[in-house]
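The next block holds one structure in the form of structure tokens; read it before the comments.
Just follow the structure's listing: the first ligand is 1, and inside any ligand the first atom is 1.
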Amino acid sequence: MCVVSTLNQQLAIGVLKERSARERRVALVPADIRKLIATAAFIVERGAGQEAGFDDNAYASAGARVATSREILENCGVILKVRAPGVDEVPRSGRILVSLGGYDLDLGERLRQRSVIHLALERIPRTTRAQAMDVLSSQASIAGYASVLEGARALSVLLPMLITAAGTIKPAKMIALGAGVAGLQAIASARRLGAVVHGFDVRAAAREQVESLGARFVSVEGDIGAGEGAGGYAREQSRDQQAQLRRALAPHLAAMQLVIATAQIPGRPAPLLIDRETLGTMQPGAVIVDLAAETGGNCEVTRPNQTVVVDGVRVMGPTDLPSLMATDASRMFSGNMRALLTYLLREPGHLNLDASDPISGALLAGQHWAPATGAAA
Ligand code: NAD
């Protein structure tokens with residue numbers, strides 16, 4: 001058993017400002033610092049919450065000290081961030097970094113060289129016990145909602161049916177490809193806006209979830225390697241199975257005005273569900289919002305953070321959807337951080353990382369180096 005613990009009443013937890021373009025979220029909000037202040041000291045980088053609507057005074061009122069990133073990197077045993085840190089923000093040797101970036105091999109190598117323990121948030125188990133810490137779920141939920149709003153804005157037709165003296169407008173048809181957290185939230189959001197909503201997923205369990213939201217589940221024929229793999233995630237398909245699935249989905253896509261594409265396999269390139277040929281069969285003016293843009297996209301022409309128009313179909317590849325709703329996205333991210341820190345800080349100043357524990361063990365398991373037993377900060 002490997003235990004890494006910090007026995008230090010002065011344990012300092014730092015919150016760094018996000019530096020990526022388009023990233024407006026902050027990892028911890030003042031309200032959560034107020035709830036955690038008895039367990040550790042908090043140091044927040046100047047302006048860290050500004051873009052999300054939380055100013056430095058709010059952090060100071062909650063009991064945090066506002067400081068520079070350099071002071072944080074020098075003095076904090078635990079450092080919180082939303083996105084992976086840049087090269088000039090890597091914590092010192094033996095420190096603990098809590099952030100996304102678990103699939104970033106370059107980051108993994110940098111952290112390994114510095115002997116930094118990375119608690120990568122992608123590795124939080126998708127279990128009931130860890131649900132409150134599940135950043136992927138909270139942020140995917142916001143992305144699903146925001147994707148419908150972005151898609152609706154790009155359409156030149158209305159989502160709801162309108163019966164007016166000027167005539168009747170038919171409701172638009174929408175489909176969510178991938179009915180995980182983001183897809184189900186997109187389905188619920190599009191239903192609230194009045195679209196005729198459909199859903200598709202390769203996992204059999206998704207049918208009931210799609211239908212329970214009042215949407216129609218699209219069934220496809222043939223060997224598409226359907227099924228659930230480890231941890232409730234979908235199993236990766238072979239190239240042939242993906243090609244079969246694209247052909248089977250194409251006639252359904254031809255009838256849709258709005259497609260929200262969310263299909264992902266953790267740590268792998270996104271499955272390709274829509275090729276150029278299918279785009280040619282879709283209605284001009286149709287919109288695809290591809291949430292898988294960062295991992296290659298569900299559509300052949302998707303480019304991250306760009307809109308590509310092919311045969312009159314607009315294909316959007318936003319990678320910053322949760323950041324568009326930065327205040328609530330930060331509140332939810334921060335709520336996840338608070339749950340994680342509360343779990344790990346079982347007594348004030350004592351951060352307990354236990355390899356035999358189902359949650360901290362899963363976080364430690366992905367280290368690119370073996371953390372030594374003993375003090376970590
Ligand atoms: P994800 O972001 O990894 O993928 C999104 C969806 O894409 C998934 O539903 C997946 O089945 C689907 N997909 C993959 N390949 C596909 C393909 N070729 N065609 C169509 N769809 C494809 O998934 P997620 O939203 O993070 O959720 C993954 C699983 O974890 C789901 O079963 C979800 O219900 C479960 N989950 C459980 C908990 C919990 O119990 N605490 C929390 C969150 C999610």
Item checked: Euclidean distance, N298 CG relative to T262 OG1, rounded to 0.5 Å -> 7.0 Å
Check: Protein heavy atoms: any of them under 4.0 Å from atom 34 (O) of ligand 1?
Finding: no
Next item on the list: Using a strict 4.0 Å threshold on nitrogen-to-oxygen distance, state whether R83 and E294 make a salt bridge.
Entry: yes
Note to self: Please state which option from L184, I265, V202 has its nearest heavy atom closest to atom 16 (C) of ligand 1.
What the structure shows: V202
Check: Any idea which part of A179 is under 4.0 Å from ligand 1, heavy-atom wise: side chain, backbone, both or neither?
Finding: backbone
Notebook entry, point to check: For ligand 1, is there an atom lying under 4.0 Å from some heavy atom of S137?
Noted result: yes
Next item on the list: Give a yes or no answer on whether the side chain of E300 reaches the backbone of R276 with a donor-acceptor pair at less than 3.5 Å.
Entry: yes
Next item on the list: Note the single closest protein heavy atom to atom 25 (O) of ligand 1, along with its residue, its atom name and the distance in Å.
Entry: V181 N, 2.7 Å
Margin query: So which atom in N75 and which in A12 form the shortest heavy-atom distance, rounded to 0.1 Å?
Written below: O-CB, 3.8 Å
Check: Within 45° of the ring axis of Y343 and under 6.0 Å from its six-membered ring centre, is that where the NZ or CZ of R346 lies?
Finding: yes
Next item on the list: Output yes when the distance from some N or O of ligand 1 to some N or O of Q209 is under 3.5 Å, and no in every other case.
Entry: no
Notebook entry, point to check: For atom 8 (C) of ligand 1, what is the nearest protein heavy atom, given as residue, atom name and distance?
Noted result: D201 OD2, 3.5 Å
Notebook entry, point to check: Any idea which of Q264, Q242, M133, E122 brings a heavy atom closest to atom 14 (C) of ligand 1?
Noted result: Q264
Note to self: I'd like to know if atom 43 (C) of ligand 1 has any protein heavy atom within a distance of less than 4.0 Å.
What the structure shows: yes
Next item on the list: Say whether, by atom type as modelled, one donor and one acceptor occur between the side chain of S115 and the main chain of S93 under 3.5 angstrom.
Entry: no
Notebook entry, point to check: Judged by modelled atom types alone, do Q185 and S141 share a side-chain donor-acceptor pair under 3.5 Å?
Noted result: yes
Margin query: Taking distance alone, with N or O pairs closer than 3.5 Å, would you say R203 contacts ligand 1?
Written below: yes
Notebook entry, point to check: What are the atoms of ligand 1, with element, lying closer than 4.0 Å to any heavy atom of Q237?
Noted result: 18 (N)
Check: With a 4.5 Å limit on heavy-atom distance, are the side chains of I274 and L249 in contact?
Finding: no
Note to self: Under 3.5 Å between any N/O of A182 and any N/O of ligand 1: does that happen in this structure?
What the structure shows: no
Checklist line | atom 20 (C) of ligand 1: nearest protein contact (heavy atom, Å) | finding: F200 CE2, 3.6 Å
Next item on the list: Starting from atom 5 (C) of ligand 1, locate the nearest protein heavy atom and write down its residue, its atom name and how far away it is, to 0.1 Å.
Entry: T262 O, 3.3 Å
Next item on the list: Please lay out, stage by stage, how V210 and L184 fare under the test side-chain contact (heavy atoms from CB on, under 4.5 Å).
Entry: CA-CA 7 Å; V210 166; L184 291 173; 4.2 Å; yes
Margin query: Can a side-chain donor-acceptor contact be found between S137 and D134 if the only test is distance below 3.5 angstrom?
Written below: yes
Notebook entry, point to check: Quick one: does T127 get within less than 4.0 Å of ligand 1, heavy atoms only?
Noted result: yes
Check: Among R19, R65, K17, which residue meets the salt bridge (Lys or Arg N to Asp or Glu O under 4.0 Å) test with E45?
Finding: R19
Item checked: ligand 1 N/O within reach of T128 N/O, cut-off under 3.5 Å -> no
Next item on the list: Could you check atom 40 (O) of ligand 1 against the protein and tell me its nearest heavy-atom contact, residue, atom and distance included?
Entry: R126 O, 3.4 Å
Next item on the list: Considering the heavy atoms of Q131, write down every atom of ligand 1 situated less than 4.0 Å from one of them.
Entry: 41 (N)
Margin query: Quick check on contacts: which atoms of ligand 1 are under 4.0 angstrom from a heavy atom of D134?
Written below: 42 (C), 43 (C)
Check: With a 4.0 Å heavy-atom cut-off (strictly under), which part of P271 contacts ligand 1: side chain, backbone, both or neither?
Finding: side chain
Next item on the list: Indicate yes or no for a side-chain donor-acceptor contact from E18 to the backbone of R24 under 3.5 Å, with no hydrogens or angles considered.
Entry: no
Notebook entry, point to check: Can you list the steps and then say if I265 with Y233 is a side-chain contact (heavy atoms from CB on, under 4.5 Å)?
Noted result: CA-CA 7 Å; I265 305 285; Y233 290 112; over 6 Å; no
Notebook entry, point to check: Near L245, which atoms of ligand 1 are under 4.0 Å from a heavy atom of that residue?
Noted result: 18 (N), 19 (N)
Note to self: Side chains of N305 and T319 only: does a donor on one sit below 3.5 Å from an acceptor on the other?
What the structure shows: yes
Margin query: Is it the case that ligand 1 has an N or O less than 3.5 angstrom from some N or O of G180?
Written below: yes
Item checked: Closest approach of any protein heavy atom to atom 30 (O) of ligand 1, naming residue and atom -> G232 O, 4.3 Å
Notebook entry, point to check: Is Y233 in polar range of ligand 1, meaning some N or O pair under 3.5 Å apart?
Noted result: no
Check: For the side chain of T164 and the backbone of G167, is there at least one donor-acceptor N/O pair under 3.5 Å apart?
Finding: yes
Item checked: Proximity to ligand 1 by part of L177, non-hydrogen separation under 4.0 Å -> neither
Next item on the list: Provide, to 0.1 Å, the distance between atom 22 (C) of ligand 1 and the closest protein heavy atom, together with that atom's residue and name.
Entry: A263 CB, 3.5 Å
